[in-house]
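Before any comments, here is the structure.
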Amino acid sequence: IYLFDKAKEIGDKYDYCFNHFSNQKLNKALQDLFKKYDLFGEEITMQYMQRGEQFYTKKKRELLSCNAGRRTYISIMIAKGLEIYYLMSNTGHKKVDTLKYYIDKFVPDRRKRFETINEKLK
């Protein structure tokens, strides 16, 4: 797995010896830390469809997790144009279809990109 310089710097600092947490325990520890230092406390209203349109409000810190960070990383790399096969090797995905979720959800300008290519093909 390719490590960015910042990740190497952090690894060197801790001699690559990190305590192992389950995903759930790490998420809880992160949220407790955010709460302790009053980080990401702004409220966000979310919309979902279940028996009609419904809304709920949560603090932003309650929505942050390791998986949210993973989704953010993947979406940024896709938006920056990293080739999908490099991204798959870096994230451990075995199928392109698994990453389709991120492409569809986090690259809203993809239609514009296809339209641009379409114009060039004329």
Side-chain angles (χ1 to χ4, degrees):
I1 295 174
Y2 181 85
L3 290 177
F4 290 100
D5 291 337
K6 188 65 176 175
K8 289 178 187 175
E9 183 182 314
I10 293 168
D12 287 339
K13 180 178 178 180
Y14 294 99
D15 196 27
Y16 293 91
C17 187
F18 303 104
N19 291 332
H20 296 282
F21 291 94
S22 69
N23 201 32
Q24 293 83 2
K25 287 194 183 242
L26 183 56
N27 288 338
K28 176 75 171 113
L30 284 173
Q31 290 177 4
D32 289 347
L33 190 65
F34 296 151
K35 186 174 184 178
K36 178 179 179 179
Y37 292 102
D38 196 29
L39 300 171
F40 308 109
E42 59 274 12
E43 291 190 341
I44 297 175
T45 300
M46 307 291 289
Q47 173 188 4
Y48 67 99
M49 301 297 286
Q50 185 175 359
R51 296 186 208 139
E53 184 178 43
Q54 301 207 8
F55 297 90
Y56 66 95
T57 302
K58 285 191 170 194
K59 291 190 183 250
K60 192 174 193 176
R61 68 175 153 247
E62 295 171 2
L63 302 170
L64 296 176
S65 66
C66 294
N67 198 45
R70 178 182 172 90
R71 285 191 312 265
T72 300
Y73 169 76
I74 292 171
S75 62
I76 289 170
M77 292 297 108
I78 289 171
K80 295 289 183 186
L82 183 67
E83 290 182 36
I84 198 94
Y85 293 104
Y86 289 117
L87 187 55
M88 285 174 60
S89 69
N90 198 272
T91 59
H93 287 96
K94 305 224 184 312
K95 297 179 182 178
V96 174
D97 288 346
T98 311
L99 286 177
K100 186 177 184 305
Y101 166 80
Y102 300 102
I103 295 167
D104 289 346
K105 186 167 184 172
F106 295 107
V107 186
D109 66 336
R110 72 186 185 285
R111 182 175 181 85
K112 183 178 171 186
R113 290 183 188 186
F114 281 114
E115 288 172 352
T116 302
I117 292 169
N118 189 46
E119 288 301 315
K120 289 179 180 179
L121 292 174
K122 287 183 178 180

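- Atom-to-atom distance recorded for Lys80:NZ and Ser75:OG is 11.0 Å, nearest 0.5 angstrom.
- Taking CE of Met77 as the reference point, atom OG1 of Thr72 lies at 11.0 Å (rounded to 0.5 Å).
- Applying the side-chain hydrogen bond (donor to acceptor under 3.5 Å, both in side chains) rule to Asp12 yields the partners Tyr16; only residues at least two apart in sequence or on another chain are considered.
- Both Tyr37 and Phe34 are assigned to one and the same hydrophobic cluster, defined by single-linkage of ILVMFWY side chains at heavy-atom distances under 4.5 Å.
- Pairs of residues two or more places apart, or lying in two chains, that qualify as side-chain hydrogen bond (donor to acceptor under 3.5 Å, both in side chains) and include a residue from residues 21-34 are Lys28-Asp32.
- Separation of atoms NZ (Lys58) and CD (Glu43) is listed at 12.0 Å; rounding is to 0.5 Å.
- The shortest heavy-atom contact between Thr91 and Arg70 is O-NH2, 3.1 Å.
- Atom CZ of Phe55 has more than 12 neighbouring heavy atoms from other residues, nucleotides or ligands inside a 6.0 Å radius.
- Minimum heavy-atom separation, Arg61 to Leu39: NH1-O, 3.0 Å.
- In this structure, the side chains of Tyr73 and Leu87 come closer than 4.5 Å at one or more pairs of heavy atoms.
- In the hydrophobic clustering of this structure, Tyr56 groups with Ile44; members are Ile, Leu, Val, Met, Phe, Trp, Tyr whose side-chain heavy atoms approach within less than 4.5 Å, directly or through other members.
- Expressed to the nearest 0.5 Å, how far CG of Leu64 lies from CD of Glu62 amounts to 10.0 Å.
- The side chain to side chain contact (heavy atoms under 4.5 Å, CB included) test applied to Tyr86 returns Leu82, Glu83, not counting sequence neighbours.
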